[in-house]
Amino acid sequence: MRSDSRLSRMLHVLIHMARHDGPVTSEVIARMLNTNPVVVRRTMAGLRDHGYVASGKGHGGGWVLNRPLESITLRDVYDALGAPTLFAIGPADDAPDCLVEQAVNAAMSEALAEAERRLLSQFGRVTIASLAADFDRRLMAGSTDP
């Protein structure tokens with residue numbers, strides 16, 4: 001199963017947008033992410049629908065932040081992306097009448113539900129601004145290394 005990198009990619013984009021003067025076109029974002037502008041527009045639409053970004057058309061148009069990074073959490077972006085599946089593992093459904101499968105699925109489902117609750121809670125505590133600040137710290141530490 002291929003991993004879903006939309007969350008990390010959109011976090012990356014939001015930090016770049018905060019440091020860019022003016023709108024950023026889908027074409028520029030697509031080059032940054034090595035993807036197609038149509039994919040960018042489709043993915044950014046969820047962020048726009050939730051009010052985190054806005055888009056303008058025509059000359060001088062593009063994507064802009066609609067809210068400060070301090071007010072956007074990882075959970076906000078995750079939800080705006082449609083709450084993609086968090087884990088590649090999950091219960092089996094090969095033999096739903098099998099009592100062994102039912103026991104295994106019950107244990108797995110409970111553990112995965114708890115892991116998801118904890119992960120999403122943590123996502124709600126991390127702002128995009130804190131990620132940007134971490135980037136700044138790393139940049140400064142890297143610029144002073146011999």
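Just so you know, these numbers come straight off a predicted model, no measurement behind them.
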So which atom in [X] and which in [Y] form the shortest heavy-atom distance, rounded to 0.1 Å?
{"X": "Val24", "Y": "Met17", "value": "CG2-CG, 4.2 Å"}
{"X": "Pro37", "Y": "Ala30", "value": "N-CB, 3.5 Å"}
{"X": "Leu69", "Y": "Ala18", "value": "CD1-CB, 3.4 Å"}
{"X": "Ser130", "Y": "Arg137", "value": "O-NH2, 4.4 Å"}
{"X": "Val40", "Y": "Ile29", "value": "CG1-CG2, 3.6 Å"}
{"X": "Val53", "Y": "Met44", "value": "CG2-O, 4.0 Å"}

Can a salt bridge be assigned to the pair Arg19 and Asp136 using a cut-off of 4.0 Å between side-chain N and carboxylate O? yes
Just wondering, do [Y] and [X] contact through their side chains at under 4.5 Å, heavy atoms?
{"X": "Gln122", "Y": "Arg75", "result": "no"}
{"X": "Asp4", "Y": "Thr85", "result": "no"}
{"X": "Leu74", "Y": "Ile128", "result": "yes"}
{"X": "Leu86", "Y": "Leu120", "result": "yes"}

Would you mind listing every side chain to side chain donor-acceptor pair (under 3.5 Å) that reaches into residues 98-112, with sequence neighbours excluded? none
Let me see the working for Thr25 and Trp63 under side-chain hydrogen bond (donor to acceptor under 3.5 Å, both in side chains), right down to the final yes or no. CA-CA 6 Å; Thr25 66; Trp63 298 97; over 6 Å; no
Tell me if a side-chain donor or acceptor on Thr73 pairs with a main-chain N or O of Asp76 at a distance below 3.5 Å. yes
Would you find a donor on one side and an acceptor on the other, under 3.5 Å apart, between the side chain of Thr43 and the backbone of Val39? yes
Indicate, with yes or no, if the rings of His16 and His20 have centres closer together than 6.0 Å. no
Do Val64 and Tyr52 belong together in a cluster built from hydrophobic side chains that touch within less than 4.5 Å? no
Applying a strict under-4.5 Å side-chain criterion to I, L, V, M, F, W and Y, I'd like to know whether Leu33 and Val38 cluster together. no
Residues forming a salt bridge (charged side-chain N to carboxylate O under 4.0 Å, His left out) with Arg117, sequence neighbours excluded: Glu114
